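Report on the following structure.
Residue numbers begin at 1 in each chain, while the letters A, B, ... track the order of the sequences. Values below: all heavy atoms of this structure, side chains included; hydrogens, waters and symmetry mates excluded. These numbers were taken from a predicted model, which means no experiment stands behind them.
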Protein chains: 2
Amino acid sequence: MEVFAALRQHVDKVIPLTDEESARASALFTVKKLRKKQFLVQQGDVCKYESFVVSGCLKSYYTDEQGHDHILRFSVEDWWASDLKSLQTNTPASFSIEAIEPATLLVIDKVGLEKLYVEVPKFEKFFRILNENALTATAQRVINNLSLPAKERYQLFLQAYPRIAQRIPLKDIASYLGITPVFLSQLRKDMMTE
Amino acid sequence: MEVFAALRQHVDKVIPLTDEESARASALFTVKKLRKKQFLVQQGDVCKYESFVVSGCLKSYYTDEQGHDHILRFSVEDWWASDLKSLQTNTPASFSIEAIEPATLLVIDKVGLEKLYVEVPKFEKFFRILNENALTATAQRVINNLSLPAKERYQLFLQAYPRIAQRIPLKDIASYLGITPVFLSQLRKDMMTE
DNA sequence: CGAATTACTTCATCTACTTTAAGGCAAAAG
DNA sequence: CTTTTGCCTTAAAGTAGATGAAGTAATTCG
């Protein structure tokens with residue numbers, strides 16, 4: 001099955017699996033498809049799955065008291081999406097995850113994950129490393145938000161995710177950068193004339 | 001030994017250890033003391049240790065091209081401090097870690113950590129969970145930085161870390177919040193008169 | 001202990017970014 | 001095919017927060 005091959009290839013990059021380990025792991029995941037604008041989790045509900053994105057694109061975003069959305073991350077092919085805290089502790093998710101392109105996912109629930117850690121202990125290490133990397137990236141983002149003006153943050157974003165940037169509506173990029181779409185539009189114009 | 005008891009108590013809160021596991025783990029950590037203003041790591045050097053703070057207070061901060069510091073986190077008793085990425089990959093640390101109070105640490109280097117994962121596999125899970133929590137907290141901080149004005153971020157900080165706030169110089173709090181000391185001083189004044 | 005350095009405050013000026021509002025364009029819905 | 005709706009752009013006015021300068025309080029250190 002194609003989708004499981006994608007997962008294995010992804011995991012193998014960090015820790016090579018044996019065929020048996022890969023098969024055991026695959027058996028615990030389920031294929032899930034999302035249409036555009038469909039939710040994987042909605043803020044306030046409990047997040048049921050850790051999800052590997054095989055294809056498509058999701059956005060994770062927090063909706064504040066004034067009803068404004070703030071994008072935390074985009075998840076495209078070969079990335080993961082979930083509200084870890086909600087998943088682990090069965091508490092309401094603090095953000096939503098929604099498809100901005102039709103997406104194919106491999107999902108695993110909490111029970112499945114716990115089985116996975118027992119049956120294929122390598123995954124304990126795999127997720128530890130995955131989270132370490134995510135933590136590093138998020139810390140870098142805090143740094144950038146604190147130390148760089150919007151224009152430079154935008155340029156960094158374009159550099160870091162050139163292919164993703166093409167696929168994502170401007171307003172979502174603005175939200176990710178923490179500025180208004182209006183201002184991002186101005187920045188773009190500035191950048192053209194330079 | 002007192003300091004090791006602190007570590008065990010800390011780990012036990014997440015995953016109870018047997019006496020033997022605790023002893024094996026303790027054997028891999030070393031006590032390290034820092035005076036005020038001493039560095040645990042300096043930005044650009046390789047981070048050699050994962051460190052558990054037994055007492056005192058450290059700050060982790062990034063120095064940007066203009067020489068301005070941006071505080072990422074404070075680590076007090078019962079917290080950890082390190083540049084994970086640097087430690088794991090032997091690359092230059094992207095931020096510094098410095099004592100702002102005399103501190104006692106329990107440190108473990110990369111080799112020690114790898115031994116630890118083998119000898120006491122529970123630590124694999126322990127650090128996975130630790131990082132998950134750190135990731136959640138950091139994501140929340142990104143959200144706050146994007147969605148809240150400085151005054152509310154300051155109020156949240158006071159609420160979340162009332163005891164730490166007392167011990168930390170205003171300029172460091174300002175740096176953590178992403179504002180200038182001048183502006184934080186103004187905010188404080190505003191808050192007095194309300 | 002006194003001198004020097006470092007931390008905090010206040011005020012005035014400046015700028016990066018927001019808000020509001022209006023017009024155009026493309027996709028979705030009827 | 002027409003109408004609605006959402007998305008992008010441009011421009012003008014407003015604000016949160018930065019910067020610079022100057023004075024006072026608090027620490028550090030010889």
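- The side chain of A/Ser185 sits closest to D/dT9 out of D/dT9, C/dT9, D/dG17.
- Rounded to an integer number of Å, the gap from A/Leu146 CG to D/dA18 C1' is 15 Å.
- Nucleic acid contact class of B/Pro181 (heavy atoms, under 4.0 Å, all strands): none.
- The 5' end of DNA chain D is approached more closely, in terms of each residue's nearest nucleotide, by A/Phe183 than by the other of A/Phe183 and B/Ala150.
- Put simply, CZ on B/Arg188 is 14 Å from P on C/dA7, counting in whole angstrom units.
- Taking atom CG on A/Leu184 and atom P on D/dC7, their separation rounds to 15 Å, with Å as the unit.
- The aromatic ring centroids of A/Phe126 and A/Phe123 lie less than 6.0 Å from each other.
- Taking a 6.0 Å sphere around OH of A/Tyr161, one finds it holds 12 or fewer heavy atoms contributed by other residues, nucleotides or ligands.
- In this structure, B/Leu148 places its CG atom 14 Å from P of C/dT18, rounding to the nearest Å.
- Between B/Lys189 and C/dC11, a side-chain N or O to OP1/OP2 separation shorter than 4.0 Å is present.
- Dashed line: the shortest gap from a side-chain N or O of B/Lys151 to OP1 or OP2 of D/dG17 is not under 4.0 Å.
- Between A/Tyr176 and A/Phe74, the distance separating the two ring centers is shorter than 6.0 angstrom.
- At whole-Å resolution of the value, CD1 in B/Ile100 and C1' in D/dT27 are 15 Å apart.
- Distance, A/Gln186 CD to D/dA12 C1': 11 Å, rounded to whole Å.
- The side chain of B/Arg153 contributes an N or O atom lying less than 4.0 Å from OP1 or OP2 of D/dG17.
- For B/Lys37 and C/dA7, the NZ to C1' distance is 10 Å, given to the nearest whole Å.
- Checking side-chain atoms of A/Asn145 against main-chain N and O of B/Val142 turns up no donor-acceptor pair under 3.5 Å.
- Among the heavy atoms of the strands lying under 4.0 Å from B/Lys36 are primed sugar atoms or P, OP1, OP2 only; no base atom is included.
- Between A/Asp172 and A/Arg167 there is no salt bridge, since none of the side-chain N atoms of the basic residue sits less than 4.0 Å from a carboxylate O of the acidic one.
- Looking at residues 164-180 of chain B, you'll see B/Gly178, B/Ile179, B/Thr180 sit with a heavy atom under 4.0 Å from some atom of DNA chain D.
- Listed for the A/Ser96 side chain is a donor-acceptor partner under 3.5 Å among the backbone atoms of A/Gln43.
- Whole-Å rounding puts the B/Gln38 CD to D/dT28 P distance at 15 Å.
- Between the CG atom in A/Leu156 and the CZ atom in A/Arg141 there is a gap of 12.0 Å [rounded to 0.5 Å].
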